[in-house]
Amino acid sequence: MSEDCLTINVTAPPQPGEAPLPVLVFIHGGAFSTGSAAMDLVDGTRLAAEGNVLFVSMNYRLGALGFLDFRAYSTPGRTFDVNVGLADQVAALEWVRRNIAAFGGDPENVTLFGESAGALSALTLMCVPAADGLFHRTFLQSPAPAAAYGPDLASRWAGDFLDLLGTGPGGAAEALSRLDAARLVKAADELSSRITPESRPGALSLAPVVDGSFLPLHPLEAFEKGRASSVPMVIGTMDNEGVLFDKFHDILPTSRERIERMFELTDPASRDRVIAAYRGYPHKKQAVELGGDAVFWYPSVQAAQAHAAYAPTWSYRFDYAPRAARAAGLGATHGLDLAAVFGNYDAGAGRMLLSMGNRRTAKNVGHRFQSALLRFARTGAPGPMWPRYDDTSRRTKIFDRYDRIELDPRTVRRQAWDGYQGYR
C-alpha cells in the first residue's frame with residue numbers, strides 16, 4: 001500500500017518454441033481503486049500454457065496515487081503530474097517492447113487486453129500519443145468508454161478529496177507528500193464509493209483526465225475523429241452489467257433517484273426518450289439495466305461504431321451465466337467473463353461459479369471465448385464465424401450456451417441513447 005507498487009509479471013508456456021510467440025498484456029480492473037495482477041482469477045499460467053503465448057500483467061498506481069489531478073496544488077518544492085496511473089501502464093508497455101524478446105515473445109505482436117477499468121485503460125491508451133506503436137491489437141472486456149473527464153470536473157474531485165483529508169488548498173502539497181498511503185486510500189475510497197455516486201451518478205471520480213497533452217482528446221471524441229490508434233479492436237460487454245454493482249458495489253446509477261439526477265446533470269432532453277426504452281421503469285430490474293447500459297454498454301457501442309470507420313472492429317456480448325450465478329440473482333453480469341477468458345474455473349471465484357454444476361457447459365463457452373482472444377492475438381481477427389462490426393448491420397457475436405450472431409442487438413435501446421453525451 002504505497003507508491004512502491006510498480007511490478008510486471010511474465011509467464012511463458014512450459015516449452016516455448018523457436019519462433020517468437022504472440023504477447024498478451026493484461027491490465028486488471030477495479031474502478032481504478034482496487035484490484036491487482038496477483039488475483040487468482042487473472043492468473044495467466046493456464047492461458048500461456050494452453051495458448052502457447054507470452055502472458056504479461058502489471059500493477060499500476062491506483063486511487064489518489066494514480067488517478068486524481070492535483071496539478072493546481074503544485075508548489076515550487078512539490079509538483080504534481082496527472083494521469084500517472086496511465087503513465088505507469090505506458091512504462092510497462094515500453095518495458096515489454098525492450099525486454100520481451102528475452103522471454104521468447106515477439107515485440108511486434110503485442111495484444112493489449114483488460115477488463116473493466118483495465119479495458120478502459122487499454123481503450124484510453126489507444127488515444128495516448130506516448131503509447132502509439134507499443135501494442136498492435138486491443139481486446140476490451142466491459143470498458144466504460146465515457147469515463148474520462150476534463151480538468152474542470154477533475155479539479156472538483158481533487159478538491160473534494162482534500163476536504164476528506166481535512167486540509168485546505170494552501171496546505172495540499174504538504175499534506176499529500178506527508179500523509180501515508182493508507183490515509184490517502186481511505187479518502188479515495190470515500191470519494192469514489194459514496195460522494196461521487198450521489199453527487200454525479202454515472203461518473204467515475206478516479207478516472208483518466210483529458211489534460212490536452214498526455215491525453216489530448218476524450219477517448220470517444222478521438223475515436224469519432226479517427227485520432228485513436230487504428231489497431232484492430234474487439235470490444236464487448238456482459239448481458240447485464242449493472243447487477244453486480246447494485247448488489248455488491250453501489251456506485252452506478254441503478255436507482256430511480258440516481259438516474260433522474262444523472263439526466264438532470266448531463267442531458268435532460270434525452271431523459272424521456274431513454275427511459276421509454278426500458279419498459280417497466282422505474283422498477284428495480286429496469287433501473288439496473290439502464291444504469292449498466294449508461295456506463296458500459298452504450299458507450300461501448302459508440303466506441304465500436306466510431307472505430308469501425310477507421311480500423312477492423314468486432315463486437316460481442318457475453319450472455320452465459322452458470323447456474324450458481326443465476327441462483328444468486330447475478331446472471332451474466334460484470335466480471336463473470338474473467339474465469340472464461342483465463343480458463344480459471346478451478347480457483348477462487350471461478351470455482352464458486354461452478355459450485356452448482358454446469359461445469360462442462362461453462363468450460364465450453366469459456367474455451368470458445370478464450371480461443372477468440374488467442375486467434376485474435378495470432379492473426380488479427382477473432383475467427384472466421386465472427387463478422388466485423390459496422391454501423392449499418394452492427395453484427396455482434398453473442399457468447400452463450402450456443403453462440404450466435406445478432407444484427408444490431410437492442411436496437412430500440414440504442415436508438416433511444418443515440419446522441420447522449422454523458423458528463424463529457
Test side-chain contact (heavy atoms from CB on, under 4.5 Å) applied to Glu108 and Arg97, step by step: CA-CA 8 Å; Glu108 299 302 324; Arg97 173 168 283 280; 3.1 Å; yes
Arg413 CZ: over 12 foreign heavy atoms closer than 6.0 Å: yes
Cationic tip of Lys397 above Phe399 ring, under 6.0 Å, 45° of axis: yes
Residue pair Ser229 / Cys127, side-chain heavy-atom distance below 4.5 Å: no
Straight-line distance of Gln141 CD to Leu338 CG, nearest 0.5 Å: 6.0 Å
From OG1 (Thr79) to CZ (Arg71), nearest 0.5 Å: 12.0 Å
Pair Asp346 + Arg359, salt bridge at N-O below 4.0 Å: yes
Flag, side chain of Asp211 to backbone of Phe214, donor-acceptor distance under 3.5 Å: yes
Parallel, tilted or perpendicular: rings of Phe32 and Tyr60 (30°, 60°): perpendicular
Straight-line distance of Phe245 CZ to Phe296 CZ, nearest 0.5 Å: 4.0 Å
Parallel, tilted or perpendicular: rings of Phe223 and His307 (30°, 60°): tilted
Lys225 with Glu221: basic N within carboxylate O range, under 4.0 Å: yes
Contact check, side chains of Leu134 and Leu112, non-hydrogen atoms, under 4.5 Å: no
Stepwise side-chain contact (heavy atoms from CB on, under 4.5 Å) check, Tyr345 with Leu353: CA-CA 8 Å; Tyr345 278 113; Leu353 287 174; 4.2 Å; yes
Sub-4.5 Å side-chain heavy-atom contact between Ile275 and Leu290: yes
Aromatic ring pairing Tyr316/Phe139, orientation class (parallel under 30°, perpendicular over 60°, tilted between): parallel
Any Cys5 side-chain heavy atom under 4.5 Å of Arg61 side chain: yes
Mutual orientation of the aromatic rings belonging to Tyr73 and Phe70 [parallel < 30°, tilted 30-60°, perpendicular > 60°]: tilted
Leu120 vs Ile27 side-chain heavy atoms within contact, under 4.5 Å: no
Interatomic distance, Leu373 atom CG to Leu47 atom CG [nearest 0.5 angstrom]: 6.0 Å
Donor-acceptor side-chain pairing of His136 and Thr111 below 3.5 angstrom: no
Any donor-acceptor N or O pair under 3.5 Å, side chains Ser142, Glu115: no
Interatomic distance, Ser155 atom OG to Leu68 atom CG [nearest 0.5 angstrom]: 11.0 Å
Criterion salt bridge (Lys or Arg N to Asp or Glu O under 4.0 Å) on Glu289 and Lys285, from CA distance to verdict: CA-CA 6 Å; Glu289 290 175 353; Lys285 178 178 183 295; 2.6 Å; yes
Heavy-atom side-chain proximity of Asp189 to Ser33 below 4.5 angstrom: yes
Pairwise side-chain contact, Tyr389 with Gln305, heavy-atom cut-off 4.5 Å (strictly under): yes
Residue pair Val56, Ile100: steps toward the side-chain contact (heavy atoms from CB on, under 4.5 Å) verdict: CA-CA 9 Å; Val56 180; Ile100 204 63; 3.8 Å; yes
Criterion side-chain contact (heavy atoms from CB on, under 4.5 Å) on Glu260 and Arg271, from CA distance to verdict: CA-CA 8 Å; Glu260 300 294 338; Arg271 182 248 183 215; 2.9 Å; yes
Candidate list Trp386, Tyr320, Phe113, Phe318, test ring pair (Phe, Tyr, Trp, His ring centres under 6.0 Å), partner Phe369, passing option: Phe318
Side-chain donor-acceptor contact under 3.5 Å, Thr7 with Asn59: yes
Parallel, tilted or perpendicular: rings of Phe55 and Phe342 (30°, 60°): perpendicular
Between CZ on residue Arg261 and OG on residue Ser199, distance to nearest 0.5 Å: 7.5 Å
Side chain proximity check, Leu206 to Thr196, heavy atoms < 4.5 angstrom: no
Least distance between heavy atoms, Arg317 atom then Thr396 atom: N-CG2, 3.9 Å
Side-chain (Asp69) to main-chain (Ala154) donor-acceptor, under 3.5 angstrom: no
